[in-house]
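As the structure lists them, so they are numbered: ligands from 1, and atoms in each ligand from 1. In what follows, residues are counted from 1 in the order of the sequence shown. Computed from a predicted structure; not experimentally measured.
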Amino acid sequence: MDARKTIVIGVANGRGAGDPACQDGPEVLRSLKFLADLEQTHAGFSWDDPIRLAPGESSTPLDAVVQIGTQLAERVCSHLRQGNFPLVVGGDHSCAIGTWPGVKRVLGDKVRLGLIWFDAHMDSHTFDSSPSKRIHGMALACLLGIGDRRLADVADAGAKLLAADVCLIGVRSFESAEAALLAKLGARIYFMDEIRRRGLREVFAEALQRVGEHTAGYGISIDLDALDPAEEPGVGSPVAGGLSLGELTEALTQAHGDEKLLALEIVEYNPYRDTHFVTARAIHDLCQSLIP
Ligand SMILES: [Mn+2]
């Protein structure tokens, strides 16, 4: 019996993206009560205070992302130590540089953390390789210990993950430098063609095996742009040809109730593109598939 309470941590930050609109995602989900029925069905499900920049702060995107990441790592760490299940809701994907260091800190140096990264992109740029210089496209590289030291050393210095314990699922838009970095490090990437050939259920089962094998626990980070924008328009950086919500929620149930699943992150919700709030409802369904 999993007694963990799910605590939602909204991260009101879009400074890691080109368009900061994702910063308003958590507030829309909360104020319009898209997750409210989970408070009835899951004992202890509740929203914590949002994480946001100090008002009037005129920082650079790098300063902003580091400040948010540092606060978020502390918050995630503190909830895990209280026995809670952190559900981080972005904001852009740069919040990952706070979420997963927070989890890793609780596990300590002697054991490994796994991560499944659902995304249309690889998010494995550095400032040197990135054409856009947007930090949400660097988050996974930072977690692997690569790139700007201020970003990669949030919470604690050095890599938080080994590529051997990382899987990317749903990738279909990337630059060659990212692909080369991940290939060199040895992360497993499931591109859309492999998912179409084998089915998401089988691919996700294999990913779970990999991220759990040599680790003390694992996390799941869902960039909503892994989903097909024809079905889910409310995302920061839409790319055609993604996963359907139905196949994703169905596959995710394989991890439901797994005590090695330590935290969940759902990011890049852009409420201004979310016609009829279909993507807000998708977030609800994704949470329902995975929270304890
Ligand atoms: Mn992403």
Side-chain angles (χ1 to χ4, degrees), residues 10-23 25-26 61 64-65 68-69 72 87-101 115-127 129-144 146-148 151-152 154 160-161 163 166-175 177-179 181-182 187-192 195 207 211 219-229 232-243 245 248 252 263-271 273-274 279 282-283 286:
V11 183
N13 182 47
R15 298 288 301 283
D19 172 357
C22 289
Q23 71 189 15
V65 169
I68 292 282
L72 178 58
L87 166 54
V88 174
V89 175
D92 72 66
H93 216 162
S94 68
C95 65
I97 69 151
T99 302
W100 305 108
L115 187 61
I116 297 180
W117 189 275
F118 284 96
D119 209 309
H121 309 90
M122 292 181 176
D123 292 357
S124 294
H125 270 299
T126 63
F127 278 108
S129 71
S130 170
S132 72
K133 312 297 179 200
R134 290 170 190 158
I135 298 169
H136 67 165
M138 306 177 191
L140 185 55
C142 293
L143 294 172
L144 293 165
I146 306 290
D148 186 280
L151 295 169
V154 160
K160 311 305 186 297
L161 304 168
V166 173
C167 295
L168 294 84
I169 301 180
V171 175
R172 55 199 186 275
S173 171
F174 58 92
E175 269 85 41
E178 301 178 279
L181 175 67
L182 292 178
R188 178 66 160 98
I189 303 170
Y190 296 96
F191 294 95
M192 283 307 298
I195 297 167
V211 301
I220 298 179
S221 183
I222 303 176
D223 187 322
L224 293 162
D225 70 25
L227 294 167
D228 197 299
E232 304 300 337
V235 303
S237 312
V239 185
L243 306 171
L245 177 64
L248 181 54
L252 291 176
L264 169 64
E265 178 176 69
I266 301 181
V267 299
E268 298 279 344
Y269 175 51
N270 181 337
R273 289 197 182 140
D274 192 15
T279 306
I283 293 169
L286 293 169

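- Classification of the Phe174-Phe191 ring pair by plane angle, with boundaries at 30° and 60°, yields tilted.
- Between the side chain of Thr279 and the backbone N or O of Ala282, no donor-acceptor pair lies under 3.5 Å.
- With a cut-off of 2.8 Å, the Mn ion (ligand 1) has an N, O or S atom of Asp119 in range.
- Between the Arg172 side chain and the Ala240 main chain, a donor and an acceptor come within less than 3.5 Å of each other.
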Stepwise side-chain contact (heavy atoms from CB on, under 4.5 Å) test for Cys167 and Val211: CA-CA 7 Å; Cys167 295; Val211 301; 4.2 Å; yes
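- Between the ND1 atom of His93 and the OD2 atom of Asp223, the angle centred on the Mn ion (ligand 1) amounts to 90° when rounded to 10°.
- Asp123 lies close to the Mn ion (ligand 1), since one of its N, O or S atoms is found at a distance under 2.8 Å.
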